[in-house]
Peer 1: 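Here it is: the structure, laid out below.
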Amino acid sequence: MRSRLMAVCLIGLLAGPIACNKKETKTSSATGKPKLGINPNGTSNSAPDESKAPPELKKVFDYIDAHIDDHVENLQKWIQQPSISNSGEGIPESAEMVKGFFDKLGCQTTRVIDVGISP
């Protein structure tokens, strides 16, 4: 269950700007931050065949590729955030962090819903 939630959140974080209709933000190079040097197509530079993908999905892939450094930095922050679902440790903070990512991406409405701790 947690892995499905993580996958949904990752997809949302990466595709959020498209879904939230946010205008393109400055890339890492435009802000003067050092680039991480990540090639979205790996070391072999073998990109997937997107010829049959719908145009909307192509826009998502292009956005992800153009902002790969920002996505990796967000993922690094997320991984560093302690969260233990059995005890609830760090779960509210993790939820707020994800909400912050969506806020930063420009989503119109974001909120965290406390569902309590499972017994």
Side-chain angles (χ1 to χ4, degrees):
M1 175 71 174
R2 184 177 169 123
S3 61
R4 281 191 208 160
L5 178 61
M6 294 280 283
V8 169
C9 287
L10 285 174
I11 291 169
L13 286 173
L14 296 175
I18 304 300
C20 295
N21 296 321
K22 171 142 185 182
K23 292 182 181 175
E24 194 95 10
T25 59
K26 295 179 182 177
T27 61
S28 296
S29 60
T31 60
K33 293 189 315 188
K35 292 195 62 110
L36 298 175
I38 298 171
N39 181 350
N41 298 319
T43 56
S44 63
N45 207 23
S46 57
D49 179 17
E50 298 175 5
S51 62
K52 295 180 182 176
E56 299 83 19
L57 189 57
K58 176 78 169 103
K59 285 174 58 176
V60 171
F61 291 149
D62 290 343
Y63 183 90
I64 291 170
D65 290 350
H67 297 86
I68 192 78
D69 288 346
D70 297 327
H71 299 309
V72 170
E73 288 173 5
N74 284 339
L75 189 56
Q76 288 171 336
K77 289 176 189 173
W78 198 11
I79 290 170
Q80 292 171 359
Q81 170 62 42
S83 63
I84 302 171
S85 60
N86 289 348
S87 66
E89 179 185 342
I91 299 299
E93 295 84 359
S94 295
E96 288 295 334
M97 180 182 285
V98 173
K99 179 187 177 303
F101 290 152
F102 283 115
D103 288 338
K104 185 178 174 184
L105 291 171
C107 291
Q108 294 175 353
T109 305
T110 59
R111 64 183 178 162
V112 174
I113 301 172
D114 184 4
V115 295
I117 298 175
S118 300

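Treat the numbers as computed from the prediction; the structure is a model and nothing was measured. We use all heavy atoms of the structure for the numbers below, so side chains are in, but hydrogens, waters and symmetry mates are not. Index from 1, following the sequence.
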Peer 1: Just verifying a value: how many Å separate Asp70 CG and Lys104 NZ, rounded to the nearest 0.5 Å?
Peer 2: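 Those atoms lie 6.5 Å apart.
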
Peer 1: For residues 88-96, run the donor-acceptor check on the side chains, cut-off 3.5 Å, and write out each pair with its distance to 0.1 Å, sequence neighbours left out.
Peer 2:
| residue | atom | partner | partner atom | Å |
| --- | --- | --- | --- | --- |
| Ser94 | OG | Gly90 | O | 3.0 |

Peer 1: Ignoring hydrogens and geometry, is there a side-chain-to-backbone donor-acceptor pair from Asp65 to Pro40 under 3.5 Å?
Peer 2: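 Not confirmed, Asp65 side chain does not pair with Pro40 backbone.
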
Peer 1: Rounded to the nearest 0.5 Å, what separation is found between the CE atom of Met97 and the CG atom of Asn74?
Peer 2: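 Atom-to-atom, Met97:CE and Asn74:CG are 9.0 Å apart.
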
Peer 1: Excluding sequence neighbours, so at least two apart, what forms side chain to side chain contact (heavy atoms under 4.5 Å, CB included) with Gln80?
Peer 2: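 Listed in chain order: nothing, the list is empty.
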
Peer 1: Does Lys58 have any side-chain hydrogen bond (donor to acceptor under 3.5 Å, both in side chains) partners at least two apart in sequence or in another chain, and if so, which?
Peer 2: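 Scan of Lys58 (side-chain hydrogen bond (donor to acceptor under 3.5 Å, both in side chains), adjacent residues dropped) gives Glu50, Asp62.
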
Peer 1: side-chain hydrogen bond (donor to acceptor under 3.5 Å, both in side chains) with Thr43: which residues, sequence neighbours excluded?
Peer 2: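 In terms of side-chain hydrogen bond (donor to acceptor under 3.5 Å, both in side chains), with neighbours along the sequence ignored, Thr43 is linked to no residue.
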
Peer 1: With rounding to the nearest 0.5 angstrom, report the OG1 to CG distance, Thr110 to Asp103.
Peer 2: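 If we round to the nearest 0.5 Å, Thr110:OG1 and Asp103:CG are 3.0 Å apart.
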
Peer 1: Could you grab the distance from atom CH2 of Trp78 to atom CD of Gln81, nearest 0.5 Å is fine?
Peer 2: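 Here the interatomic distance stands at 11.0 Å.
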
Peer 1: Look at the side-chain heavy atoms of Ile, Leu, Val, Met, Phe, Trp and Tyr, link any pair under 4.5 Å apart, and say whether Val98 and Val112 land in one connected group.
Peer 2: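 Each belongs to a different hydrophobic cluster.
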
Peer 1: Would you name the heavy atoms of Ser51 and Asp49 that are closest together and state the gap between them?
Peer 2: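 For Ser51 versus Asp49, the nearest heavy atoms are OG-OD1, 2.8 Å.
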
Peer 1: Suppose we screen for side-chain hydrogen bond (donor to acceptor under 3.5 Å, both in side chains). Which residues come up paired with Thr109, at least two apart in sequence or across chains?
Peer 2: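 Thr109: no side-chain hydrogen bond (donor to acceptor under 3.5 Å, both in side chains) contacts found.
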
Peer 1: Relative to the ring of His67, is the ring of Tyr63 parallel (under 30°), tilted (30 to 60°) or perpendicular (over 60°)?
Peer 2: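 Parallel, since the angle between the ring planes stays under 30°.
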
Peer 1: Taking side-chain hydrogen bond (donor to acceptor under 3.5 Å, both in side chains) as the test, write out the residues that go with Asn41, two or more places apart.
Peer 2: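 Listed in chain order: nothing, the list is empty.
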
